[in-house]
Number of protein chains: 2
Amino acid sequence: MLMGEQSAQSGSDRQSRPSGQPSLGMLAFLAYRQTEMRSMAAVEAAGYTITLSQARLFERVSPEGSRLTELAESAQLTKQSAAYLVDELITGGFLRRSPDPEDGRAKLITITDRGYEVIAVARRSEAEVEDEWRSHLGDGSFDTLRRLLAELSEVTDPFR
Amino acid sequence: MLMGEQSAQSGSDRQSRPSGQPSLGMLAFLAYRQTEMRSMAAVEAAGYTITLSQARLFERVSPEGSRLTELAESAQLTKQSAAYLVDELITGGFLRRSPDPEDGRAKLITITDRGYEVIAVARRSEAEVEDEWRSHLGDGSFDTLRRLLAELSEVTDPFR
DNA sequence: TATAATAGTCAGACTATCTGACTACTATTG
DNA sequence: CAATAGTAGTCAGATAGTCTGACTATTATA
């Protein structure tokens, strides 16, 4: 990464970026980290035990079921690492693994009812954060931001 | 996090978010991840050996020097973890540690010339990515995006 | 000057991640 | 349709990175 958090730090004496502008990457990171932290805190407060690594994998599981290889790619992990996290999420009761009817080699990883409970909690927390952002920016700017980030995702999302 | 990457995935049959909108957090993540990956690749291609964890710590070192505790807080790590990464970055020649003249307990962690070389490589890569984004969005939208993300950082940046 | 607070280190455990080698099944092709 | 290549996942072992708890040294406070 190395994108000059300094400029996003204390603000005063911390300037290594000549332009004085923190990079867009860092600004994006700050937004991302806030939603992630708030979601994790909400999920924990609701009594679910799940680590950040598990959550980052979990959120990539499709409602229709995902294959391990798919998850590993989208989370940018090896299959082995993904399998390790999936095992833990199964132990936690958030996921299940069943044979994939369409391919004898594959297994479908799906979300349990308990898993959906966690998703609901996270979604509520997300919505809360987005509401705060909307209040800060104003409706028009908030919608513009969403639209521009969505448009940007055409080039930043590796899965499209 | 748990913010519904699904909607940012294949696009077609992968929809768990009723609204059909990927969360802002996920959109921000995609942008952030792209700059991070490109910077890391550029730094590696330039012949420097540095891991992602090291980079995430390294970028938080201020040009004026930082203290370990400061770095640990901003990277959201324990002092022990931060110290471990700093040690590796010192071994790699990117940082140095010297006594802090202002506080006998503290040590100042500063960037070496070699460290600045790495920063320069990363900065160039960042600028490259931002140029691509500008081409995709157009000048006006790009500037708006930067402005809105900067404004948003007033509420997402924990260090201000 | 005692006491509390702060900056950092040491030791040990555990989580998350990797590489390499493997099994089982599916797809291709001659 | 048998041999071969490719794909999905697992097993075993190593390593990086992170944590908790206990500690030393120094500074600030009562």
Side-chain angles (χ1 to χ4, degrees), chain A residues 1-2 33 36-37 40-41 44 48-62 64-92 94-110, chain B residues 1-2 10 33 36-37 40-41 43-44 48-62 64-92 94-110:
Chain A
M1 121 162 137
L2 295 160
R33 184 167 70 175
E36 181 174 76
M37 285 178 48
M40 289 300 294
E44 187 184 355
Y48 301 95
T49 299
I50 188 167
T51 69
L52 192 50
S53 298
Q54 288 167 15
R56 285 174 176 166
L57 203 285
F58 179 51
E59 74 183 344
R60 288 178 160 78
V61 179
S62 149
E64 290 80 30
S66 299
R67 294 187 184 174
L68 185 64
T69 305
E70 216 174 44
L71 294 177
E73 271 173 15
S74 113
Q76 306 190 330
L77 294 172
T78 59
K79 291 185 292 180
Q80 295 89 326
S81 300
Y84 171 83
L85 294 169
V86 165
D87 284 345
E88 290 186 321
L89 286 162
I90 289 172
T91 301
F94 307 112
L95 294 178
R96 76 173 73 80
R97 201 174 348 218
S98 40
D100 186 333
E102 304 192 350
D103 189 332
R105 295 166 298 180
K107 290 170 188 173
L108 262 192
I109 293 151
T110 51
Chain B
M1 118 164 146
L2 297 160
S10 332
R33 184 168 68 174
E36 180 174 76
M37 285 178 47
M40 288 301 294
V43 167
E44 187 184 356
Y48 300 95
T49 299
I50 187 167
T51 68
L52 192 50
S53 298
Q54 288 167 14
R56 285 174 175 166
L57 203 286
F58 179 51
E59 74 183 343
R60 288 177 160 78
V61 179
S62 148
E64 289 79 31
S66 299
R67 294 185 184 177
L68 185 63
T69 305
E70 216 174 44
L71 294 178
E73 271 172 16
S74 113
Q76 305 189 330
L77 294 173
T78 58
K79 291 185 293 180
Q80 294 89 328
S81 300
Y84 171 82
L85 294 169
V86 165
D87 284 345
E88 290 186 322
L89 286 163
I90 289 172
T91 301
F94 307 112
L95 295 178
R96 75 173 74 80
R97 199 171 353 216
S98 41
D100 186 333
E102 303 191 351
D103 189 332
R105 294 166 299 180
K107 292 171 186 171
L108 263 190
I109 294 150
T110 50

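In the text below, chain A, chain B and the rest are named by the order of the sequence lines, each starting its count at 1. Predicted model only: the values in this text are computed from it and were never measured. Note that these values count all heavy atoms, side chains included, but never hydrogens, waters or copies made by symmetry.
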Those residues of residues 81-92 of chain A lying under 4.0 Å from DNA chain C by at least one heavy atom: A:Ser81, A:Tyr84, A:Leu85, A:Glu88
What's the CG-C1' distance between A:Leu71 and D:dT7, to the nearest Å? 16 Å
Please determine if a side-chain N or O atom of B:Thr51 lies less than 4.0 Å away from the OP1 or OP2 oxygen of D:dA16. no
Report the C-alpha separation of B:Leu85 and B:Leu71 in whole Å, then their side-chain angles, then the decisive distance to 0.1 Å, and conclude whether the side-chain contact (heavy atoms from CB on, under 4.5 Å) test is met. CA-CA 11 Å; B:Leu85 294 169; B:Leu71 294 178; over 6 Å; no
Do the side-chain N or O atoms of A:Thr69 get closer than 4.0 angstrom to the phosphate oxygens (OP1, OP2) of D:dG9? yes
Between C:dG20 atom P and A:Lys79 atom NZ, what is the distance in whole Å? 14 Å
Hey, could you give me the CZ/CD1 distance between A:Arg60 and A:Ile109, rounded to the nearest 0.5 Å? 14.0 Å
Within the structure, does a side-chain N or O atom of B:Ser53 lie under 4.0 Å from either OP1 or OP2 of D:dT18? yes
Distances under 3.5 Å between protein N/O atoms and the N/O atoms of nucleotides 23-27 of chain C, please, pair by pair.
{"from": "C:dT26", "atom 1": "OP1", "to": "A:Gly104", "atom 2": "N", "distance (Å)": "2.9"}
{"from": "C:dT26", "atom 1": "O4'", "to": "A:Arg105", "atom 2": "NE", "distance (Å)": "3.4"}

Output for pair (B:Asp100 CG, B:Leu108 CG), nearest 0.5 Å, gives 4.0 Å
Does a side-chain N or O from A:Thr78 land closer than 4.0 Å to OP1 or OP2 of C:dC18, or not? yes
From CG of B:Leu52 over to C1' of D:dT18, roughly how many Å is that when rounded to an integer? 14 Å
Audit row: B:Asp103, B:Arg67, side-chain contact (heavy atoms from CB on, under 4.5 Å) steps and yes/no: CA-CA 10 Å; B:Asp103 189 332; B:Arg67 294 185 184 177; 3.5 Å; yes
Given atom CG of A:Leu57 and atom P of C:dT17, what is their separation to the nearest angstrom? 8 Å
Can a side chain N or O of B:Arg97 be found less than 4.0 Å away from OP1 or OP2 on C:dA7? no
Rounded to whole angstroms, how far apart are CD on B:Gln54 and C1' on C:dT17? 15 Å
In whole Å, I'd like the distance from the CZ atom of A:Arg67 to the C1' atom of D:dT7. 9 Å
I'd like to know if B:Gln80 reaches the base of D:dG21 with its side chain such that a donor and an acceptor end up less than 3.5 angstrom apart. yes
Return yes if a side-chain donor-acceptor contact under 3.5 Å exists between A:Tyr84 and A:Glu88, otherwise no. yes
Separation of C:dT19 P from A:Leu77 CG (nearest whole Å): 11 Å
Hey, does the side-chain of A:Lys107 have a donor or acceptor N/O within less than 3.5 Å of a partner on the base of D:dG9? no
Could you pick out which residue, B:Ile109 or A:Gln76, lies toward the 5' side of DNA chain C when each is mapped onto its nearest nucleotide? B:Ile109
Crowded around A:Glu44 CD? As in, over 12 foreign heavy atoms under 6.0 Å? no
B:Thr78: which residues meet the side chain to side chain donor-acceptor pair (under 3.5 Å) condition with it, sequence neighbours left out? B:Ser81
Rounding to a whole Å, what distance do you find between B:Asp100:CG and C:dA7:C1'? 10 Å
Atom CD of B:Gln80 and atom CG of B:Leu68: how far apart are they, to the nearest 0.5 Å? 9.0 Å
Please report the interatomic distance CZ(B:Phe58) to OG1(B:Thr51), rounded to the nearest 0.5 Å. 12.0 Å
Could you tell me the separation between the NZ atom of B:Lys107 and the OG1 atom of B:Thr69, rounded to the nearest 0.5 Å? 11.5 Å
